[in-house]
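What follows is a short report on a single structure.
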Amino acid sequence: MRVEGRGLIDRSKPIGFSFNGRQVTGYAGDTIASALMAKGVKLMGRSFKYHRPRGVMTAGSEEPNALMQIGTGDAMMPNTRATVQEIFHGLVAQSQNHIGPLDRDLMAINDLFWPFLGAGFYYKTFMWPRAFWEKLYEPIIRRAAGLGRITRNASPEHNEKAFAFCDVLVIGGGPAGLMAALTAAKGGADVILAEEGTHLGGRLLSDSQAIDGVEASLWIADMHKALSATGRVRIMTRTTVTGAYDDGSYGALERVARHMPSKPDLPPECFWRIRAKQAVLAAGAHERPIAFPMNDRPGIMLAGAVRTYLNRYGVAAGRNVTIFATNDDAHRTALELQSAGVKVAAVIDSRADAQAQGDYRLIAGAQVIGSKGRQGLREITYRKGSRTDTLITDCLAVSGGWNPAVHLSCHLGARPVWDDARQFFLPAPGAVPGMTAAGSCNGAMSTDACLREGMNAAKDALKALGLAAPRGLKPPVADNQAGQCQTLWHVPGKGRAWLDFANDVTTKDITQAAAEGFRSVEHMKRYTTQGMAPDQGKSSNIAALAYLADTTGRGIAETGTTTYRPPFAPVTLGAMGAFAQGHGFAPERHMTSHAALTARGVPMIEAGLWYRPSYVPIAGETTWRQSCDREVGMVRGAVGVVEVSTLGKIDIQGPDAGAFLDFAYTNTFSTLPVGRVRYGLMLREDGHVMDDGTTARLGENHYVMTTTTAAAGQVMAHLELVAQGLRPDFDVRLISATEGWAQFSVAGPLSRDLLNSVLDQPIDDASFPFMACGVVGVHGVAGRLFRISFSGEQAYEIAVPARYGAALYRDLVARAETMGGGAYGMEALNVLRIEKGFITHAEIHGRVTAYDIGMQKMLSSKKDFIGKAAAQRPGLLEADRERLVGLKPVAGDGVLSAGARLFSVGDPQTRVHDQGYVTSVAYSPTLGHMIGLGFLRHGPERVGQEIVMVDHLRGLRTAVTVVDPVFFDPDGGRARG
């Protein structure tokens, strides 16, 4: 019910929304949970396994019960916490995990079979009969698994991602966070203050208390103004810091427009990557539930949540509220309810010496041992000494104390530290470099202590930044009473006692897990599914491990915790992968020749993220083979032009550039003369081939490395690792120059003639021999020229700054066409390289060695290089390894297939008799038949033998002859000119 005079909602703005097809009206500022509770709705969902009725338990992102499906159509989103989702006009919300109406769920029959569905039942039940698994068990389990529904189509929502940088990141906008942000800003630091809720203030918004003699809400407003006035604080409400990562990196999810109707100019969510030099963790604490028999009914809530709904939303969780507590803090709930005119039936305190703080009935030294009410709480049973009694109540506010929210401090692998005196875990000092915990998440359980810790944490951050703490700033005066608390994890009694409400894990499940040997907290978690629920252990984890500790006779510190991992709160995949849709998922990279090619109707194919021409048809050609065959003949007989800008280009400079390349490549580059190019082979640390390519020496300390298109990014990252991690002693700098230069291959017997028509200074064999390089003028523009060949013909690669690429390509092609040549595409390029036995990543696919591709002589014995020791392992040098060979069909019209397997003649064509595989195939117009490259056991020793190629997928079986991989011009005379 609504309570007049309470809450931060705007009662002048009613908002209508739909819940399970029924229209409900709330107010601006309401969440789904608060709006439904105001209408007396208690039943909001069903539990995962037993389908028991579930209602609101908390008031934040730790909510395990009230999970909703919101939205319609393809924008529908499951597992949204009703306690977080703000209402807006047109919001459609549906409860989850039930068949039929929510109050008459057909799957509630599961609860009758609970004795058979305990911990690990799925490991034991579905083993026999074996034949039932595929047709019966698995389909049933798959239909029952999971919470909520997703659509088959992609969501139409478009989220965003963004990056932010700051000196100090303050995580949490409660009293500790506010004080930390103000202190850091006044000390000269740039601050980001991230608060998960809609307003700053944290728990101050849930309690009626004064700070510096004024109401807490007024103090919060003053702090908001003071923070804004500094000009150094970015306040980000509705923003959850979800993870802590290396080097001061944090992930954060901002709910930009999730609280309003869809707007085309606003994303629903934005995922932030924040880099902070220092951080203050002021994440607060989570209230503990108490496991007592039948503690899962709708209407049983946490005491702090009851206060939150009263003071933030103006909603009473019940008309006749009972409180079951182990601490002084929960008594505030009774006082707040009474002051709002809500009846408090009693406060049941487990402490025998508990004292009432107001005019309400106190039952000290008692414990709740049961409850009644199927779809809403009606009655509880409590025990005091040997006497039991009942109370009529429609809401039970439970508080077993508070657990500091240590999660973010554990994301880099640190474990929290158990404080035995206060009976909770605390963040380990230094768990996240540069992060300091303050406030309730650091064990400070009074407002005064939170304010002081926030200020001190900010001062530590300022000191680490080399900034002075602000003078004259003092923490305000506030409540300094933390109160007393008794530890009570579990109340014995008849009936099930829930620990994990969403996953239906009870104390009996923990007992069973321990009895069956799952005594490790990590094993127990997986056996029972405890803590895997939507709250990720926030409300259930500590109680479960404490119960496991009691069951196994160990202390809590010895038992330990499970591993806390990101995200702290759920993150939609659409937000984390923002922009990764359509072209954003696979961005199109266009070469400088793209416009010219598409204007001619050239079909483009994907090569990584690049789009390259497949073939370049001319009038009269109706198939790709006609174009490809013509282009191959054009390159072999005249001249062809193709853009090769997609090849990785890495500029390497410095006094140790040569030594750096010697270490990265298997062969030597420090002895390469200036003005020359050398082919190089690069290994991974495990001795397998990573990439190959050419490197040109343009100056004494200046090299340009060319990588394959497929491995450009991988090689760049690898070289950065070498420079920064393996050999930081080398004085060398490197940068990717791939996008900076447009590069074109000009190949064929007339290639030099074509180039001389565009070069400022003509070249010849004497001035520019094979494997030469240098700076040239191209129509007055400074460019680079490399005499290298990927076709086996006399060929050059000419490079100019990318802004001139489109013009140069059009010019080269036009000139080539007057010489009987023209543009060619990837199909012809592939044929040309296979005819010459040149490899690409079809061959160096990550599982081959230099020995496999016949390049073992390139492994220098005179120097060290990456992968040298690993490459010499006996297993990588055995003669029966699959090694590179050429393949041609015995019959001239025989068909070869990439991916096909190779078998010896007469052997069964099964896996155990497999001899190798085919990597690349093409029809060679030069030779008049198909050719291929592949890997064959004892390959080079089997040249001349006949074997069988089998492609089971395509139904091909072809007799082939093993030949040398170089089919055309084996001595290389045509390339040398």
Side-chain angles (χ1 to χ4, degrees), residues 8 29 164-241 250 252 254 272 274 276-284 311-312 435-442 444 446-480:
L8 303 177
F165 303 84
C166 62
D167 294 322
V168 180
L169 170 64
V170 179
I171 305 168
L178 289 172
M179 205 65 211
L182 184 64
T183 304
K186 285 185 174 292
D190 290 327
V191 179
I192 291 177
L193 174 58
E195 163 56 38
E196 186 175 42
T198 57
H199 299 83
L200 297 178
R203 284 299 305 175
L204 295 177
L205 300 176
S206 301
D207 298 331
S208 296
Q209 58 176 292
I211 299 179
D212 260 355
V214 300
E215 185 181 330
S217 61
L218 298 177
W219 180 83
I220 293 168
D222 290 340
M223 284 293 286
H224 197 299
K225 292 178 182 178
L227 291 170
S228 300
T230 65
R232 291 186 170 276
V233 182
R234 173 190 281 181
I235 299 173
M236 299 177 67
T237 54
R238 297 186 178 92
T239 302
T240 304
V241 177
Y250 298 85
E254 180 183 11
W272 289 84
I274 301 174
K277 297 175 183 177
Q278 293 288 306
V280 175
L281 179 62
N311 291 317
R312 291 190 65 172
M435 176 191 283
T436 304
S440 297
C441 74
N442 197 41
S446 71
T447 304
D448 181 78
C450 287
L451 293 166
R452 292 182 180 278
E453 284 206 0
M455 174 178 282
N456 291 334
K459 288 180 178 179
D460 291 342
L462 290 170
K463 183 178 180 181
L465 294 169
L467 299 173
R471 295 183 178 181
L473 184 64
K474 296 181 180 179
V477 177
D479 176 21
N480 62 0

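Because the structure is a prediction, the values reported are computed rather than measured.
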Going by salt bridge (Lys or Arg N to Asp or Glu O under 4.0 Å), name the pairs with one or both residues in [range], residues two or more places apart or in two chains.
{"range": "residues 177-200", "result": "Asp190-Arg232"}
{"range": "residues 452-480", "result": "Arg332-Asp479, Asp448-Arg452"}
{"range": "residues 166-183", "result": "Asp167-Lys277"}

Compare every heavy atom of [Y] with every heavy atom of [X], then report the nearest pair and how far apart it is.
{"X": "Val233", "Y": "Ala185", "answer": "CG2-CB, 3.5 Å"}
{"X": "Cys450", "Y": "Ala444", "answer": "SG-O, 3.4 Å"}
{"X": "Pro175", "Y": "Thr447", "answer": "CB-CG2, 4.4 Å"}
{"X": "Leu178", "Y": "Trp219", "answer": "CD1-CZ3, 3.8 Å"}
{"X": "Ala184", "Y": "Leu462", "answer": "O-CD2, 3.6 Å"}
{"X": "Thr239", "Y": "Ala252", "answer": "CG2-CB, 3.9 Å"}

4.5 Å side-chain heavy-atom contact, [X] and [Y]:
{"X": "Met179", "Y": "Leu473", "result": "yes"}
{"X": "Leu205", "Y": "Ile220", "result": "yes"}
{"X": "Ile192", "Y": "Met236", "result": "yes"}
{"X": "Val191", "Y": "Cys166", "result": "no"}
{"X": "Arg312", "Y": "His199", "result": "yes"}
{"X": "Met223", "Y": "Leu200", "result": "no"}
{"X": "Ile274", "Y": "Phe165", "result": "no"}
{"X": "Ile171", "Y": "Leu281", "result": "yes"}

**Request:** Only counting residues at least two apart or in another chain, list the ones meeting side-chain contact (heavy atoms from CB on, under 4.5 Å) with Gln278.
**Result:** Val168, Ala461, Ala464, Leu465
**Sequence-distant partners of Trp272, side chain to side chain donor-acceptor pair (under 3.5 Å), two or more places apart** =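 In terms of side chain to side chain donor-acceptor pair (under 3.5 Å), with neighbours along the sequence ignored, Trp272 is linked to Glu254.
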**Request:** With sequence neighbours left out, write down each residue that passes side chain to side chain donor-acceptor pair (under 3.5 Å) with Ser208, or none if nothing qualifies.
**Result:**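 Ser208 satisfies side chain to side chain donor-acceptor pair (under 3.5 Å) with Glu336 once adjacent residues are dropped.
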**Message:** Quick one, Arg203 with Asp207, criterion side chain to side chain contact (heavy atoms under 4.5 Å, CB included). Give me CA distance, side-chain angles, the key distance, then yes/no.
**Reply:** CA-CA 7 Å; Arg203 284 299 305 175; Asp207 298 331; 3.7 Å; yes
**Request:** Calculate, to the nearest 0.5 Å, the distance between atoms CG and OG1 belonging to Leu451 and Thr183 respectively.
**Result:**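 Leu451 atom CG to Thr183 atom OG1 measures 9.5 Å (nearest 0.5 Å).
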**Request:** Mind checking the CG-CG spacing from Asp222 to Leu227? Nearest 0.5 Å is all I need.
**Result:**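 These two atoms lie 11.0 Å from each other.
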**Message:** Applying side chain to side chain contact (heavy atoms under 4.5 Å, CB included) to Thr237 and Thr198, what does each step give before you reach the verdict?
**Reply:** CA-CA 6 Å; Thr237 54; Thr198 57; 5.9 Å; no
